Protein chains: 2
Amino acid sequence: MYEPITIKDIAKALGLSTSTVSRALRGSYEISAETKKLVVEYAEQFNYRPNPIALSLKERRSRSIAVVVCEIANNYFSQAINGIESVAYNRGYHVIISQSHESYEREIVNVEHLASRSVDGLLVSLSAETNQFDHYKNLHDKGFPIVFFDRITDEIETHKVVADNYQGAYNITKHLINAGYKKIAHLTSAAHLSISVERLEGYKAALRDNKIPFNDLYVKNCNHGGMIYNEQEDAIKSLLNLKDKPDAIFSGGDKLTVSCLAVLNELKVKVPDEVALAGFSNSPLVELMKPGLTVVKQPAFEMGQTATELLIKLIESKRPVTEFEKIVLQTEVFERESSAKKKPNKK
Amino acid sequence: MYEPITIKDIAKALGLSTSTVSRALRGSYEISAETKKLVVEYAEQFNYRPNPIALSLKERRSRSIAVVVCEIANNYFSQAINGIESVAYNRGYHVIISQSHESYEREIVNVEHLASRSVDGLLVSLSAETNQFDHYKNLHDKGFPIVFFDRITDEIETHKVVADNYQGAYNITKHLINAGYKKIAHLTSAAHLSISVERLEGYKAALRDNKIPFNDLYVKNCNHGGMIYNEQEDAIKSLLNLKDKPDAIFSGGDKLTVSCLAVLNELKVKVPDEVALAGFSNSPLVELMKPGLTVVKQPAFEMGQTATELLIKLIESKRPVTEFEKIVLQTEVFERESSAKKKPNKK
DNA sequence: ATCGTTGTCGGCATCGTTTGCGTAAAAAAA
DNA sequence: TTTTTTTACGCAAACGATGCCGACAACGAT
């Protein structure tokens, strides 16, 4: 079968010892020029490549990192992974991807599997179900490098990279208010997620600053983060059935925003005339929609890059790191028709 | 730092040899029940996990496979990767993802890097630039397991998984014809790609079967597979500037289809009234667009699954495999407004 | 002639795990 | 009691590469 050449083969063929071959290949000064040449040419000819697994065993590191996200078929995450990959690649690391599909159990299995010495570090965005962190805490306490991004937790002290969810939510809510909407509902993921909390706060703050009372009934959680269409459907229907119907919806997640529009279309609710819509999304397609969606966009690629840089810094640090950073990147609002100025007829 | 427990640690702590511990852990019959219990309980208590790297070295395999695609931020590929991951995970394989970004050079570097013994097999969808296959041929000749999917090549004899691009193109072209369009242009990726060739053939066949003459000027190639917006823009503009302007466009790629709509919107060209649009796409968002896009969808998830099953079969085969399969999965057409029946006013 | 130095290279252990073989003690058979 | 068998374990090699240490020649210095 497929049997690549090893350093031993070269040694045997050339009547040298493996140590000599090894040193010749890495240009050690204590090997004569002619031996070096001999070895290097032979290696070149037979296309010798050092066995990365043997190196891993020796150096006790695999030069690979893993990223744990809920779903890669999600624009935010595939963009973030692009950022991750770009940095990892340049630094000589492999990237292993695993998906939790928003399941706590699956997340645990994946993390344990990966961390048991097949990767040097972990890049994590929590699943919607996760509200316990022992599996991370154990690893982190042992000194295993972990960086959280996007969906983070306060329970573990390590590097973190997030978008400014508070400000993003604030800005887009304010945008809706400025466009004339007063009864703004908020559709969001599982309540305990960091992104949900921060976006809810930003939303509340914008209401408060504009003297709009906060209404509990206007906040709906989709605990599966947009994975289950029915959840969004039910949430939106119950919003529309309120006696004091909202005139706008601010949705707090990529899948949520899009499926919100899908539900409204399904129900033949006119956007933005009956209900305006705006929310977090990183899809490049939202501008092509009917209507074009007003979104707040996270710098996904940069977040992935930054998180990876921090992770590699952790991995390659000589001494245990005790000072951790939390990096907050800014979001950007893109205004489109789905939140066009409210028409006066419907006061 | 992070120093996980090894079989040696257990042996030392329990005053046994490593062989005994190893055998106890895997339940060998020649270890007494009490010793087994002792070892297993100790291992459990200290959360022993075998070092996968050491195992890899010994077994000469890494239990990981790599997938080489152009871009994961593409619905087709992220869905396919989901399928790949689902099978790999169940069979105990890691998945390593690498992107060529449609670059031939990048593809080579990635493949060489991965194949030099850090993965057991390769799942490949070719980049748009790739029209030489030596890097694959060398590996394949040495017995290294490779499975191609989606964008394949005839130059290498191994397992392949594709959608029925010919039939898909035929069906959607026929759909356009049935809807009353007669001057159908075709926007596609690099001409040498297998998918481009097959889709072009299907398109031609549908025209032929309906007695519509094939027009060379109606076929436009975007050699970067939709990565560069300007390329699509130029192609479409030149189509619209033809003296005999097409009344419909059939686009042959995920990004192409979407950016085609973007360009048409940009140019204020009414879809489908001025130009109808239909094409290959796996985005779940196309139904929300303005107008909803008629698409032909590939069974991406299943393709990923099937390719992975074939690859693992190759990897785990005792004897060299010489009989290879080419599996063709069916596509599905989803009709929407972008190809609504042509209005008679514009004859 | 003896010693120290320098230039080249090989031996061996190491990383963590598995496994074939050998062997001590205990049990069974003679 | 002696021999054979069984039980239960240890030793060492192997996977591929590295690096410490030591060997040995040739050389100049004493």
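Letters A, B, ... are given to chains in the order of the sequence lines, protein chains preceding strands, and every chain is numbered from 1. Predicted model only: the values in this text are computed from it and were never measured.
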Report task. Could you tell me the separation between the CD1 atom of B/I53 and the P atom of D/dC15, rounded to a whole number of Å? Result -> 19 Å
**Report entry** Interatomic distance where CD1 belongs to B/I10 and C1' belongs to D/dC9 [whole Å]
**Finding:** 17 Å
Report summary line: Among C/dT17, D/dA17, D/dG16, the one nearest any side-chain atom of B/A54 is C/dT17
**Report entry** Spacing of B/L55 atom CG relative to D/dG16 atom C1', expressed in whole Å
**Finding:** 15 Å
**Report entry** B/R61 CZ to C/dT18 P, straight-line distance once rounded to whole Å
**Finding:** 14 Å
Query - B/E44 bridged to B/K37 by N-O distance under 4.0 Å - result: no
Report task. Output yes when at least one side-chain N/O atom of B/R60 is less than 4.0 Å from OP1 or OP2 of D/dG16, else no. Result -> yes
Requested in this report: Consider only side-chain N and O atoms of B/S100 and B/S103, and report whether a donor and an acceptor are under 3.5 Å apart.
Outcome: no
For nucleotides 9-13 of chain C, list the nitrogen or oxygen atoms of the protein found under 3.5 Å from its nitrogen or oxygen atoms, one pair per line.
residue, atom, partner, partner atom, Å
C/dC9, OP1, A/T35, OG1, 2.7
C/dC9, OP2, A/S32, N, 2.8
C/dC9, OP2, A/S32, OG, 3.0
C/dC9, OP2, A/T35, OG1, 3.1
C/dC9, N4, A/E30, OE1, 2.7
C/dG10, OP1, A/S17, N, 3.3
C/dG10, OP2, A/S17, N, 3.0
C/dG10, OP2, A/S17, OG, 2.9
C/dG10, OP2, A/T20, OG1, 2.0
C/dG10, N7, A/R23, NH2, 3.2
C/dG10, O6, A/R23, NH1, 3.3
C/dG10, O6, A/R23, NH2, 3.0
C/dG11, N7, A/S19, OG, 3.4
C/dG11, O6, A/S19, OG, 3.3

Report task. Nearest whole angstrom, please: distance from the C1' of D/dG10 to the NZ of B/K8. Result -> 15 Å
Query - NZ/NE/NH1/NH2 to OD/OE distance under 4.0 Å, B/R91 and B/E309 - result: no
**Report entry** Distance below 4.0 Å between B/Y29 side-chain N/O and D/dT6 OP1 or OP2
**Finding:** no
Report task. Specify the separation, in whole Å, of atom CG of A/N51 and atom P of D/dC15. Result -> 12 Å
Query - Protein-nucleotide distance (A/D9, atom CG; D/dA14, atom C1'), rounded to Å - result: 14 Å
Report task. In sequence, state the C-alpha distance, the side-chain angles, and the governing distance for A/E41 and A/K36, and then conclude on salt bridge (Lys or Arg N to Asp or Glu O under 4.0 Å). Result -> CA-CA 8 Å; A/E41 281 179 358; A/K36 255 185 212 170; over 6 Å; no
Query raised in the report: For A/S22 and D/dT18, is the shortest distance between a side-chain N/O and OP1 or OP2 below 4.0 Å?
Result: yes
Report task. Establish, from distance only, whether the side-chain atoms of A/Y136 and A/E107 form a donor-acceptor pair under 3.5 Å. Result -> yes
Query raised in the report: Are side-chain N/O atoms of A/E71 and A/H101 paired as donor and acceptor at under 3.5 Å?
Result: yes
Report task. Nearest whole angstrom, please: distance from the C1' of D/dA17 to the CG of A/L25. Result -> 11 Å
Query raised in the report: Looking at B/E102 and B/R151, does any basic side-chain N land under 4.0 Å from a carboxylate oxygen?
Result: yes
